[in-house]
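Everything on this sheet refers to the single structure shown next.
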Amino acid sequence: MNWFLRNVLPLLLDMALNPFFFGRDQSIFDPLDRILEPFDRFPLWDNAPSRQFAQDVSAIASTRVDWLETPEAHIFKADLPGLKKEEIKVQVEDGRTLQISGERKKEEVEKTDKWHRVERTQGSFLRRFRLPENAKVEEVKAKVEDGVLFSYIERL
């Protein structure tokens, strides 16, 4: 199962989020969200392990990343609104795999407050990208600006 989550799931999600397959502003989860919406009010569904798995998958899928290669560098841009740079981790693993991860914390609310809808993802997110041979993997630079993570990896 861990192998599937680390290797296969990110590839499936990348394909699913490709505009070629589902259009510019859609994802594979949109129809499923509408189908499951009536079940949101059942307490049994809220605490089920499968619900947590679906939320984790949604957090991974909703972290959209652009990858641009210029003559000087590989540039990754990730939309991470509301996160501070301390909550985001950028690293190279296994020699050539860029990993962007972090956690969007759940908001604290009073017991008297009542949620009407929760659509923003929360929890951990993780994206991995296999870097080409022309990337200087030992020189990764990153900055967060206006809710966007910029990662720069110079080319050889």
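Nothing here was measured: the structure is a model prediction, and the numbers come from that model.
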Please indicate whether Lys89 has more than 12 foreign heavy atoms, meaning atoms of other residues, nucleotides or ligands, lying under 6.0 Å from its NZ.
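Count not over threshold, so no.
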Please round to the nearest 0.5 Å and tell me the distance separating atom [atom1] of [X] and atom [atom2] of [Y].
X      : Y      : atom1 : atom2 : value
Arg96  : Glu133 : CZ    : CD    : 4.5 Å
Arg64  : Leu80  : CZ    : CG    : 13.0 Å
Leu131 : Arg155 : CG    : CZ    : 12.5 Å
Gln99  : Thr97  : CD    : OG1   : 8.5 Å
Ile100 : Phe129 : CD1   : CZ    : 5.5 Å
Glu93  : Ser101 : CD    : OG    : 8.0 Å

Does Val137 share a hydrophobic cluster with Trp67, counting links as ILVMFWY side-chain heavy atoms below 4.5 Å and allowing steps through other members?
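Both belong to a single hydrophobic cluster.
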Single-linkage hydrophobic cluster, 4.5 Å side-chain cutoff, Tyr152 and Val92 together:
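No, Tyr152 and Val92 fall in different hydrophobic clusters.
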Does the ring center of Phe150 lie less than 6.0 Å from the ring center of Phe76?
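No, they do not, as the ring centres are separated by 6.0 Å or more.
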Trace of the side chain to side chain contact (heavy atoms under 4.5 Å, CB included) decision for Ile153 with Leu98:
CA-CA 10 Å; Ile153 303 159; Leu98 177 69; 4.0 Å; yes
So does [X] pair up with [Y], basic N to acidic O under 4.0 Å?
X      : Y      : value
Lys141 : Glu154 : yes
Glu87  : Arg104 : no
Glu145 : Lys143 : yes

Given the rule in the side chain to side chain contact (heavy atoms under 4.5 Å, CB included) test, do Lys77 and Leu149 qualify, once you have shown the distances and angles that lead to the verdict?
CA-CA 6 Å; Lys77 297 177 188 176; Leu149 169 70; over 6 Å; no
Quick check: do Asp79 and Thr63 have side-chain heavy atoms less than 4.5 Å from each other?
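They are not in contact (no side-chain heavy atoms under 4.5 Å apart), so the answer is no.
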Do the non-hydrogen side-chain atoms of Ile75 and Glu69 ever get within less than 4.5 Å of each other?
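Side-chain contact under 4.5 Å: no.
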